[in-house]
Structures are given as C-alpha cells and as structure tokens.
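Structure, as structure tokens:
Lettering follows sequence order; numbering is per chain, from 1. Side-chain atoms are counted along with the backbone in the values below, which use heavy atoms only and exclude waters and symmetry mates.
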Protein chains: 2
Amino acid sequence: MNVALTTRIKCRDCPIRHRAVCSRCDDDEMALLEAMKTYRVYRAGDPILWRGEKLTFVASVVHGVATLGKSLEDGRTQMVGLLLPSDFIGRPGRRHIDFDVVAATDVTLCCFDRKPFELLIETMPHIAQRLAEIALDELDSARDWMVLLGRKTAREKIASFIEMLVRRQGIVSLDGSTPDLALPLTRDEIANYLGLTLETVSRHLSSMKSEGILRFTDRRHFEVSDFDALHAATGDDTA
Amino acid sequence: MNVALTTRIKCRDCPIRHRAVCSRCDDDEMALLEAMKTYRVYRAGDPILWRGEKLTFVASVVHGVATLGKSLEDGRTQMVGLLLPSDFIGRPGRRHIDFDVVAATDVTLCCFDRKPFELLIETMPHIAQRLAEIALDELDSARDWMVLLGRKTAREKIASFIEMLVRRQGIVSLDGSTPDLALPLTRDEIANYLGLTLETVSRHLSSMKSEGILRFTDRRHFEVSDFDALHAATGDDTA
DNA sequence: GATGCGCCTTGATGCAGATCATATTTGGGG
DNA sequence: CCCCAAATATGATCTGCATCAAGGCGCATC
C-alpha cells in the first residue's frame, strides 16, 4: 500500500488551500485542521481504497491524479470519475466505500479520520458549506458525463475527453493549437473512462492524428493543432 | 407554465419533512422557512426549468416525479436524473441552470427564492449540512448510473431500471412476486433514461414478459413475478 | 545488443442495438 | 360508441463498435 509520511506542508502554503474542502475556513479554523490532518502518499498504480472496505478516513487530493471506478460482477469496469487536486474523497456518514480508488500517477492526500471529520461538519459551518458546493459541482460534471456515456459516439467521446484535458491544463493560442500536453492515462484507462474498448480508442486517436487535429510527440504527450475541429467533433454546443 | 398556488401545507405536516433539505432544522428554524417558502404546481408534461434560463429559485419536490435532462446540439437527449419527493432542484451560487427539468407526473414543489436561500446556507448550518448529504447521495447514485450507461447491455439496463422501481415503491413477497406497480415513464422516456431507443426498450420488455419475469396489467402498470430472475438479469452483484 | 514485457496499432469478423418501416393497441374526446 | 392521435409492438435491415487476432514499438534488464 506504500503509505508514507511526507514532509509536512503548512496549510497556508498548501497548493489547494483556496479550492479544497477547507477553503472557506478562517485562520483559527485552519489551525484546528492543521493539527488534525495527516498526509498519505501513494505510487502510481497503488490502490487507495477498495470497494467494500471500511472507510476510516476522508481526504483531499493534494498532488496527482486518482481514478474512481466501479465494476460489475463479471469483471467489466467503468471509471466514474477522475480525482484531481482539491477533489474530495470519501463520504462522511458512511461506514463503507462503494468504489475503487486507485492512484493513476503518484498521489498525495491530505487526510482526516472520518469520525473527527464528521464532528467538524457538525461544528464548523464553513466545512459543510464548502462540501455542499464541491458535491454539487461534482454532481454537475457527473451528469455531463452521463450524456457522454449514454448518447455520444466513440469519436465524440474521445474528442470530448481530449477537450476536457485541454481545458484543464492547456492554453489554446489564436491559431487553434496548444503547447505539449500530458496524457495522464493509458489507452486502456481512457477506454475505461469513456465506456469503450482500447482498440476503439486507439483507432480514433489515430484517425484524428491523420486528419491533422492531433499530433503525438510520444504516446503520453500530444498537442492539438486544430482546436476548432476538435471542438466540432465533440458534438457539444458551440459554446 | 401552469404555475399555481396550492393550499398551504404546514411544515410539520409536510410529507418530506424528515428527508428534504430542511430535515435537520429545529422548530425555530422551521418557522423561518415556513415564512419564506412558496408552492408551485405543475401538470404532467409541463417544463419546470429550461436550460440556460435564469435560476431564480431553488426547490424541493413535494409530490410527483420530474425528470432532469440534457441535450446535444443535434437533438439527441439523455435523461440524467429522476427527481422524486424530497429531491432538491437548483444550484445555490449559480445564476443559470444547465439542465432541463420537466414534470413527468403532476408535481408540487416547495420553493425558495435563490438569493435568500443562499443567505440561509451561510447562516443556518443545518441547511448546508443536509444539502451536502443530499448532494453526496445523489453523486453516488449518479455514479452507479454511469456504470449502467457505460457498460451494461440493453437487457441489463432495463432489468436494472425495473429493479430500481421495485426497490423504491414495492415489496417483494417470499415467492419473488410483487404487487401491482406504477411505471411512471413512457417507453420513450425510459429509453431516454437508459441511453437506448424506444424500440429496444419495447422489445426487451416484451421478451421479459414472455419469459415470465414481468406481467403487464396495462401499459403503465405491471408486476414482477420472478424477482430473482429479474435481479439475475441486472448484471449486478448478488447483494 | 539480445531478450522479454507492457503498451499500442492495425486488420478481419460478428453482433447488439440503431434505424427504418409498418402494423396494432388504447385511451380520451366528440 | 366511434374516431383519431399518440403510444406501443414487431419485423427487416444496417452499422458502429466489440471481439478476436497478429504484429510492432519502446524501454528496462541482463
């Protein structure tokens, strides 16, 4: 499980200070959280939480990317979320977790034991307020993803996925190209996220490459050369 | 839009008193809410909120069933949620709504103007706490639905949908049969919910009927005659 | 610089579910 | 009671993606 202690970061220097579940807290409240928190570090590929396990802590992602997945009894799996820095893991008020959480890259979590955290929710309104906000935002993006899973074609799914990556980490210049971007998932993981097979993902990435929409520098790095064409391929409104 | 005033219900007699966003509030808090709330009533088929509209109020469903949907620019649509009594509509802190909300049956909402409600979230911790809980629960079921949309076969989707209806409104007797249940959606709406076409839904319902799993009394009412076979057809764990 | 192992690409084939087409049922209004 | 439109059922055909099957490429290990 590779759980290790990292150098302690002061909350005020924390990279997710202004977006995580603690973001509304004032200085006094932060001091309290500072005393309660612990860090956990995972290597790429490590499981973080396994379905059915006791849920002993809740956490915010500080660094790295984790995946949230679920599987059917015969082994089919579906990724139901990507956990990026500032995202929240766990369900206060519930003893068990119903998903598999896996580190996709090296991951650092800022953790709180579940019981004391539940007490915080009762006593520190800023926590509950921010948690509600985070959960409602997550709900909106989960619903967008449902449209993708239920109604989009393979090509549209892949274009949407790439567009999401660009929006999260990239800048589009005026001629519609981007700088080099990291692809944080393997073809297999992408397929799993999009409700496809890895072959289909590979085929469509290849065809978007040959159409001049994407350019791959290596298999985990690419750039978009025609963002308009990419967007047109998503099937979404021209927003 | 058919917005009308109903007879005012006292909060303490409200059917969703113990599950809605107000469920943690004490008597004093309830008195405040009582003064702020208004009711809105919609007929089956009426739009409640339209995508892109100004979001002037938030609400809890008191009676009836509403659907939450989203559409792609070419007209494909996907239902992303069913709103049942005690479910919450709206996104405090956001000016516009990004979904279409439509009354599937006659619906009564308990509404609060958005601005004053946002103030309540700041000042009344019980509201924010309960809202966070509701949103996290919704998030869990949205994620389950993503597995269904991404990985299940048509037959599994339909079996899962029926099973959900049974769990929400029915009792399964020892021989695996249920009493008569209402089907709150048309074939077309079911298809829309499951990411299928109405023809596929119709075909699979017919075959489950001929296999002796379901029995239809009329097209909006049915009973399950073999719950074990139904569950086996969902693809879910034997839980 | 050979060997092996993930990861990826590309090709061939089959099938579940979409699409197109045509009844059939049914419930509400005159 | 009959008529009509909407909802449903069912059949025929098409197609996008899964599935099955071979390589190919890059990278670590010895």
Between E163(A) and H231(A), is any side-chain donor less than 3.5 angstrom from a side-chain acceptor?
-> yes
Would you check if the side chain of D46(B) reaches a backbone N or O of R43(B) as a donor-acceptor pair within less than 3.5 Å?
-> yes
Can you tell me how far P of dT9(C) sits from NE2 of H204(A), to the nearest Å?
-> 13 Å
Nearest-nucleotide wise, let me know which of L185(B) and R155(A) is further upstream toward the 5' end of DNA chain D.
-> L185(B)
What integer distance in Å separates R187(B):CZ from dA18(C):C1'?
-> 19 Å
Does the K209(A) side chain pair with the main chain of R215(A), one donor and one acceptor, at a distance under 3.5 Å?
-> no
Do E199(A) and dC20(D) have a side chain to base donor-acceptor pair shorter than 3.5 Å?
-> yes
Can you tell me if the side-chain N/O atoms of S206(B) get under 4.0 Å from OP1 or OP2 in dT10(D)?
-> yes
Does a side chain donor of either S207(A) or S210(A) reach within less than 3.5 Å of an acceptor in the other side chain?
-> no
Testing dT8(D), dA18(D), dG17(C) for proximity to the side chain of L198(B), the answer is dT8(D)
Would you please say whether a donor-acceptor pair under 3.5 Å links the side chains of T77(B) and K70(B)?
-> no
Atom-pair distance (NZ on K152(A); P on dG16(D)), nearest Å = 18 Å
Selection from dC17(D), dG17(C), dC8(C) that lies nearest to any side-chain heavy atom of T153(A) | dC17(D)
Between P of dG28(C) and CG of D218(B), the distance in whole Å = 10 Å
Could you state the NZ-C1' distance from K157(A) to dC17(D), rounded to the nearest angstrom?
-> 10 Å
Does T186(B) put a side-chain nitrogen or oxygen below 4.0 Å from OP1 or OP2 of dA7(D)?
-> no
Minimum-distance nucleotide (side-chain atoms of L196(A) versus dA18(D), dC25(D), dT8(D)) = dA18(D)
dA18(D) phosphate, OP1 or OP2: any side-chain N/O from T197(A) under 4.0 angstrom?
-> yes
Measure the distance from CZ on R151(B) to P on dG17(C) and round it to the nearest whole Å.
-> 14 Å
Would you tell me if any nitrogen or oxygen in the side chain of S202(B) comes within less than 4.0 Å of OP1 or OP2 on dT8(D)?
-> no
Euclidean distance, atom CZ of residue F222(B) to atom C1' of dT8(D) [Å, nearest integer] = 17 Å
Please report, rounded to the nearest Å, how far the P atom of dA9(D) is from the CG atom of L183(B).
-> 10 Å
What nucleotide among dA21(D), dG11(D), dA9(D) has an atom nearest to a side-chain atom of R203(B)?
-> dG11(D)
